[in-house]
J.: 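The structure that follows is given in the form of structure tokens.
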Amino acid sequence: MRSGEPVTLERIWRTAHGRTIRLGRRSTIMGILNVTPDSFSDGGRFDGSTERAVEAALAMIAEGADIIDIGGESTRPGAAPVEAAEEQDRVLPVIRALRAHSDVAISIDTYRAETAALAVKAGASIVNDVWGAQREPEIAQVAARTGAGLCLMHTGREREKLPDVIEDQRSFLRRSVGISRDAGVSEDQIVLDPGFGFAKDARENFELMMRLGELAPLGYPILAGTSRKRFVRSVLDRDSGDVDVATAATSVLMRERGVSIFRVHAVGPTRDALALVDAALRERGQ
């Protein structure tokens with residue numbers, strides 16, 4: 001990367017309910033709140049308990065989370081799908097209760113258009129779709145109609161990938177952006193996610209992490225989620241236990257390669273690590 005070259009895309013991210021989030025100058029942290037029985041890291045911690053889920057969200061906000069991402073269906077490999085009604089029964093009470101306790105930006109982690117619409121009505125301002133609007137394209141219409149921020153994630157599941165990790169990213173994400181723009185989603189609503197761990201082996205994940213700067217020509221802010229992923233654990237040879245410091249290290253690497261938003265389970269370690277790299281980048285005039 002050339003000296004003086006901008007490392008992040010500065011932008012006002014427009015989301016639902018008239019909310020905006022300033023991206024670029026300071027790292028933005030999205031705290032993960034899974035209200036599921038079977039998510040790979042925190043499944044079952046808050047399942048069926050709105051009160052405990054809200055307490056966990058408020059703790060993440062106190063540690064520095066700018067966004068709380070609430071999901072009601074596990075996306076880990078091999079996880080059993082749930083019906084839309086069950087997903088909604090899990091997430092909607094938590095969204096309503098958290099909105100009553102805090103003004104934090106809330107994201108709904110879903111690929112279902114119906115769930116997204118109900119979540120935005122309940123108080124969410126961002127829709128985070130792990131299928132990049134390609135599983136249910138109608139989700140883009142929800143974002144267009146409500147003004148919700150839309151995270152479009154890359155996945156390699158259920159399709160043939162291109163050999164080069166960045167070319168596959170560009171091909172998939174351009175299609176996702178096309179679906180969204182055709183539905184009426186504005187450019188300032190869109191954020192892209194390279195989808196670490198979604199049908200990617202360790203080599204692909206590390207190569208993607210080191211080449212993230214090559215996604216800059218797509219022209220959208222980048223969100224990344226490496227938190228507690230298998231490829232991070234593989235380096236430490238640790239199937240269980242704390243890998244949050246290692247996650248924070250990946251966040252530092254990705255911040256220097258242009259990532260604006262970091263989706264994590266443990267907010268504190270990532271907040272501290274990114275505060276240092278943000279300060280260093282400011283000193284460098286970036």
Side-chain angles (χ1 to χ4, degrees), residues 32 34 36 38-41 69 71-84 87 107-116 126-144 149-183 185 189-232 234 250 254 257-259 261 263:
I32 300 169
N34 290 317
T36 61
D38 57 349
S39 290
F40 78 93
S41 176
D69 189 44
E73 179 176 347
S74 174
T75 56
R76 66 177 175 81
V82 301
E83 296 296 325
E87 178 191 36
S107 169
I108 176 64
D109 181 357
T110 187
Y111 59 84
R112 293 187 175 93
E114 180 185 33
T115 300
I126 299 163
V127 175
N128 182 14
D129 182 2
V130 299
W131 287 91
Q134 296 188 37
R135 184 74 171 265
E136 288 194 16
E138 297 82 7
I139 203 167
Q141 297 173 15
V142 172
L150 182 60
C151 300
L152 299 169
M153 198 194 81
H154 172 283
T155 183
R157 294 179 180 176
E158 299 183 14
R159 65 182 183 84
E160 192 74 24
K161 295 187 295 183
L162 297 174
D164 182 81
V165 294
I166 296 299
E167 286 305 312
D168 194 70
Q169 290 276 325
R170 289 170 178 158
S171 175
F172 184 93
L173 291 172
R174 281 173 177 151
R175 183 164 185 257
S176 292
V177 168
I179 291 169
S180 302
R181 298 288 284 136
D182 288 346
V185 179
Q189 291 174 252
I190 296 173
V191 163
L192 304 181
D193 180 346
F196 286 96
F198 281 75
K200 300 173 182 70
D201 61 24
R203 181 197 62 79
E204 290 171 313
N205 282 306
F206 280 113
E207 181 177 357
L208 177 58
M209 185 166 59
M210 300 309 290
R211 295 177 62 190
L212 277 174
E214 296 178 46
L215 297 181
L218 292 174
Y220 296 94
I222 302 295
L223 176 154
T226 56
S227 185
R228 302 178 183 175
K229 296 281 184 173
R230 184 178 301 173
F231 82 97
V232 176
S234 71
T250 67
M254 294 188 297
R257 286 157 179 79
V259 172
I261 308 166
R263 185 178 182 272

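Computed over heavy atoms, backbone and side chain alike; hydrogens, waters and symmetry mates excluded.
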J.: Nearest 0.5 Å, what's the NZ-CG distance between Lys161 and Asp168?
T.: 7.0 Å
J.: Does the side chain of Trp131 come within less than 4.5 Å of His154's, by heavy atoms?
T.: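 No. Closest side-chain heavy atoms not under 4.5 Å.
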J.: Could you tell me if Glu73 and Thr110 have a donor-acceptor pair between their side chains, going purely by distance under 3.5 Å?
T.: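 Absent: no donor and acceptor within the cut-off.
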J.: So which atom in Ile222 and which in Val259 form the shortest heavy-atom distance, rounded to 0.1 Å?
T.: O-CG1, 3.5 Å
J.: Can you see whether Ser176 engages Gln134 through a side-chain donor-acceptor pair at a distance of less than 3.5 angstrom?
T.: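 Looking only at side-chain atoms, Gln134 and Ser176 do form a donor-acceptor pair, the distance falling under 3.5 Å.
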J.: As a quick check of understanding, evaluate salt bridge (Lys or Arg N to Asp or Glu O under 4.0 Å) for Arg170 and Asp164, giving each step before the final call.
T.: CA-CA 10 Å; Arg170 289 170 178 158; Asp164 182 81; 5.9 Å; no
J.: Which distance, rounded to the nearest 0.5 Å, do you find between the CG of Leu150 and the CD1 of Ile126?
T.: 10.5 Å
J.: Please identify each residue that fulfils salt bridge (charged side-chain N to carboxylate O under 4.0 Å, His left out) with Glu136, with sequence neighbours left out.
T.: none
J.: What is the minimum heavy-atom distance between Ser227 and Ile32, and which atoms define it?
T.: CB-CD1, 4.4 Å
J.: Would you say the side chain of Val130 lies within less than 4.5 Å of the side chain of Thr155, judging by non-hydrogen atoms?
T.: no
J.: Say whether, by atom type as modelled, one donor and one acceptor occur between the side chain of Glu207 and the main chain of Glu204 under 3.5 angstrom.
T.: no
J.: Heavy-atom distance under 4.5 Å between the side chains of Cys151 and Val127, does that happen here?
T.: no
J.: Under the side chain to side chain contact (heavy atoms under 4.5 Å, CB included) criterion, do Ile179 and Asp182 qualify, and how do the steps go?
T.: CA-CA 5 Å; Ile179 291 169; Asp182 288 346; over 6 Å; no
J.: Provide the closest heavy-atom pair for Ser180 versus Ala140 in the form atom of the first, atom of the second, distance.
T.: CA-CB, 3.8 Å
J.: For a 4.5 angstrom cut-off between non-hydrogen side-chain atoms, does Met153 reach Asp129?
T.: no
J.: Does the side chain to side chain contact (heavy atoms under 4.5 Å, CB included) test come out yes or no for Arg263 and Asp109, once each step is laid out?
T.: CA-CA 11 Å; Arg263 185 178 182 272; Asp109 181 357; 3.2 Å; yes
J.: When rounded to the nearest 0.5 angstrom, what is the spacing between CZ in Arg157 and CZ in Phe198?
T.: 5.0 Å
J.: Do the side chain of Gln189 and the main chain of Ala143 share a donor and acceptor less than 3.5 angstrom apart?
T.: yes
J.: Atom CG in Leu192, atom CG in Leu173: separation rounded to 0.5 Å?
T.: 5.0 Å
J.: Quick one: list whatever passes side-chain contact (heavy atoms from CB on, under 4.5 Å) with Asn205, sequence neighbours left out.
T.: Phe196, Lys200, Phe231
J.: Could you pull out the closest heavy-atom pair between Pro194 and Leu215, with the gap in Å?
T.: CB-CD1, 4.3 Å
J.: Does the pair Glu138/Arg112 count as a salt bridge with the N-to-O cut at 4.0 Å?
T.: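 No, this pair does not count.
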J.: Drop me the distance from Asn128's CG to Asp193's CG, to the nearest 0.5 angstrom.
T.: 6.5 Å
J.: Can you name the nearest heavy-atom pair linking Asp69 to Ser107, along with the distance?
T.: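 Minimum heavy-atom contact is OD1-OG, 2.6 Å.
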J.: Thinking salt bridges, do Glu214 and Arg257 make one under a 4.0 Å N-O criterion?
T.: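 A salt bridge is absent here (no side-chain N lies under 4.0 Å from a carboxylate O).
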J.: Could you grab the distance from atom CZ of Arg181 to atom CZ of Arg174, nearest 0.5 Å is fine?
T.: 15.0 Å
J.: Between Gly156 and Ala199, what is the shortest heavy-atom contact and its length?
T.: C-CB, 3.4 Å
